[in-house]
Structure formats: C-alpha cells, structure tokens
Amino acid sequence: MDQPDLSALRERIGGTLVLDGDPGFDDARRIWNGMIDRRPVAVLRVASVDDVVAALAFAREASLSVAVRGGGHNVAGNGSVDAGLVIDLGGLASVEVDAGERTVRVGGGARLGDVDRATAEYGLAVPLGVVSRTGVAGLTLGGGVGWLLRAHGLSIDSLLSADVVTASGTLVRASARENPDLFWGLRGGGGNFGVVTSLTFRAHPIPAPVFAGNLIYRPDHWRQALLAFDEWGRTLPDELTAIATFIVPPPDWELGADPLLLVGFAWSGADAAAGEAAIEPLRREAPPDLEAIEPMTWPQWQSAVDDTFPFGVRAYWKNTSFDRLDEEVADVLVRRALEQTWQGTGFDIHLMGGAFARVPEGDTAFPARSARYWLNIYGFWANESDDADRIRFVRGFADDMAGFSSGGQYVNFMAAEDPAPAGVAPAPVYGEETLRRLGAVKASWDPDNVFRLNHNILPG
Ligand code: FAD
C-alpha cells in the first residue's frame, strides 16, 4: 500500500508529529503493556483541539486507522495501532479547579496525578483510580473505579460534561442537557464515540491528612480475614472504601517474598476517629499480622503503589463481578493466591456498594451496579518467556470464578480480546439492552466506526 504523505499533516498542526524512523519514534509508540508492540505510521502529539480536528480529517483522507491515546495505560493496548495514526492527547493535560463551584476541568491527556495534585490544594478530590500515572480520559470513559467508589461512585458518576471531537470533526459538548445520548454513552462506553478533549467533574471534599492504609495478613490468616471482610463490608459507612489485594510484595516494601493479603481502605470523611471506629470490627474479627497506616496527603495515598506497576511490563488481565464471598469462594481465592508466587501479578477484590450502587442501572452505560464485589486479576511480568504460563494462570483463575460471577465485566480491566467470530460482540460486557442503546449512540455519532480501537460497539 502507498504510504500517505504525512508531511501534509505536519503543515496543518501545531503539535509534534513523530514519524516511523524519526528519533524518539520507539519511545513515542510505547504503551504501558509491553506485550503489545504496535508500529503506527506516526504518533501525533497534539497541542490543541484544532490538531485533533486536523488529525481526524487527515486520517479520513488517507484512509488511516486511528488510535486515541490518553495516558497510554490501556491493558488491551488500544492506545496504539499498526500502520495507523496515533492521536496522543498527552499535551492536553491542563487542570482547572473552580474551588467555589467545586468543579474541575481536565484536559483529555491528563494523568490522575495531575488532577489529584491540583484539587488537593483546595481540599478537594475527584473519584479516580489507584495508580496516578493512568490517563484520566481512558479511565473515566470506561467507568473509573478507585478509593472514593463507595463515597462518591465511579469517576463517571462525578462527570458533569465532556468536550468531544466527533468522527465528523465537529467539537461538541456532552452533558445531561446537551447531547444527552452521547453523554450517556461516554459514561461507560469507552472511547467509542469521539476524541474527548476535556472533561469537567464534580469535586468532593477530602481531608488532609487522609485516614487510609492497609491491614496486612500472612497466608495462615487469609481465610479468616476474607470471611471477616465479607461480614464487615455489610455494615460499613459509605465514607469507607476497601479493596482486598493479594500480591507478592515488591522487595522495597521489606515484607518478605511470600504473598500477602492487604486489606486497603480509605476513609473520605473529615472525622478520622469515625474512620478508626469503622475499621475496628475487622481488626477484632481478623486481627492483622501487620498494619501500615500513616498520615498521608491525598496525592501521596493516590500514588502509593505507582512503582508497583512499572511502564512497559507485559500484561494480561481479566475481571468479573460476583456477589458471594463464602467458604467456597474463599477456597478458590486462597488457592489461587498461594499459587501466585511471583512478583507482579496480583488480584484485587473491590468492595462495591455505597454511592456506586445507588446509581440506577441504565442511568449510565456501566454494567452491574448491584454487584457486591469486583475481582480484577492483573497479571504482569517482565520476560516474554513467561507469557504462556502467566496468561494460563489468569485465564484459569478467571475460569474458576466463572461459576460465581454475577455477569459484570469492566472494559478497563480487560486485556486484548480472545478471538471471537467476526461480527459477534466479543464479550457480554454490557448486557443486551445497554448494548442496544450503545449501538444506537454509535450509529448517531460514529456510523463508520472510525473509533474502533476500544471495546468496540458496532453501530446498530
Ligand atoms: P490509553 O491507552 O491512552 O487509552 C485507552 C483507550 O481509552 C483508548 O484506546 C481510547 O479508546 C480511550 N481514550 C483514552 N483517552 C481518550 C480521549 N481523550 N478521548 C477518547 N478516547 C480516549 N482502572 C480503574 O478504573 N481504576 C484503577 O484503579 C485502575 N488502575 C490501573 C492501573 C494500571 C497500572 C493500569 C495499567 C490500568 C489501570 N486501570 C484502572 C485501567 C485503566 O482505566 C484503563 O487501562 C484505561 O484504558 C487507561 O486509560 P489511558 O488513558 O491511560 O489509556
């Protein structure tokens, strides 16, 4: 195929176009998941919304596939494309806080840490994820699960509006009042509908320091701790969000090389004593072997595990929602955690409920609001020679849990799809009715499926 004349694009943009062969091209095409090694024809680091419009027009004229990149952390590698054009939003990383209105306007290429640092200045926080280098846009468009989930819901539940360059190159605003169908689809439908150049969120008060930390359990106490976690989670105040994590600790944590269970929690209320009281029943029912709780600012807590997830590792993840955490499920979790003896791979059990569960099913495109737990198995490792073993582990574990699944899957915790027959939606992520609605939104805003590097919704 003839190479398109990319110099024509260079003349139309203010940002930087890095072509295959240019110095820095390999850096420009790298994404977090090092197992996905795609070779675009160029990476455009946009400097403005106009650059996005120019890039989409050029890609259309040159029949180039387009990948949209926010923070480059997509596990399935959707932030890059073979033989196409990457539109890298990293240059649009501004964060404007309106402390009086408690709103935050965030550029389409900002990272979570950009937002956390800016809002913390005003004692505010937006519900985002748990690793501060992740892109705000990619995380939010899929849903956004993090340490404020029970207090304020998903990231999308605090989203007030988004500015979007559509497939036709038009800049539109989506909110509850303007283009509400698009706004609905953006909240859980991933990057299917356009390039999001900015997002405006409701921000919420967060104390400084924040009462957050980990209760840590060695293998002998895992079963007791899991069953106590289940009981404890039933009466927790919404201000407390908790995640049970099984992981082999990295050497710099100085906790040995055996796998550990960490019950992490963050209390978003102003009264730390009430937070202490909220974790007391778990301490009593399942006394931890160790505790790691120290005063921290919100940005410190939000970036505490950043180094555990290094850029460029090889990765394969699977996730599911489930409702029971009884002896039978605890058996599976404990057995799999004991098998997981290498650095990297871990799994999180997110306790859902609270504000997340109060959003009616169907108000956004995010599925399974009634789920009690969400399991995310995040396999990652350094060497290619481990690919087959590690992927087998993640798949086997996910298969073990399939019988307990309540059917929810979160697009942002999914790896590249296992092959599915052409034209068949690859995984039942959304449920029939939501998928039908998403298909209709797609047909309105991207009928030619320009934005297909995502958990793809076919125009319907
Ligand atoms: P990118 O690879 O840049 O983009 C991913 C996709 O998102 C793109 O293909 C595109 O479809 C879409 N997209 C990105 N930016 C835009 C934009 N501006 N406009 C339109 N579409 C866009 N998720 C959680 O919910 N909570 C967590 O705590 C969490 N932790 C994570 C930790 C790590 C280490 C990793 C690797 C992932 C984590 N995730 C988490 C998953 C994360 O939400 C997804 O991987 C998400 O896709 C990352 O977004 P990104 O912008 O960094 O990715």
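Just follow the structure's listing: the first ligand is 1, and inside any ligand the first atom is 1. Each residue takes its place number in the sequence, starting with 1.
Not counting sequence neighbours, Thr341 has no partner by the side chain to side chain contact (heavy atoms under 4.5 Å, CB included) test.
Atom CZ of Arg60 is surrounded by more than 12 heavy atoms from other residues, nucleotides or ligands within 6.0 Å.
The main-chain N or O of Arg133 is found under 3.5 Å from a side-chain atom of Arg111 such that the two form a donor-acceptor pair.
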Return all side-chain donor-acceptor pairs below 3.5 angstrom for residues 236-246, not counting sequence neighbours, or 'none' if the list is empty.
from: Asp238; atom 1: OD2; to: Arg358; atom 2: NH1; distance (Å): 2.9
from: Asp238; atom 1: OD2; to: Arg358; atom 2: NH2; distance (Å): 2.7
from: Thr241; atom 1: OG1; to: Trp147; atom 2: O; distance (Å): 3.4
from: Thr241; atom 1: OG1; to: Arg150; atom 2: N; distance (Å): 3.1
from: Thr245; atom 1: OG1; to: Asp348; atom 2: OD1; distance (Å): 2.7

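For Phe265 and Phe211, the ring centers are positioned less than 6.0 Å apart.
Using a heavy-atom distance under 4.0 Å as the criterion, the protein contacts of ligand 1 are Trp32, Val68, Arg69, Gly70, Gly71, Gly72, His73, Asn74, Val75, Asn78, Gly79, Leu89, Gly108, Gly129, Val130, Val131, Thr134, Gly135, Ala137, Gly138, Leu139, Leu141, Gly144, Val145, Gly191, Gly194, Val195, Val196, Phe309, Trp317, Tyr410, Asn412, Phe413, Leu453, Asn454.
Screening residues 178-189 for side-chain hydrogen bond (donor to acceptor under 3.5 Å, both in side chains), with sequence neighbours left out, gives Asp181-Trp445.
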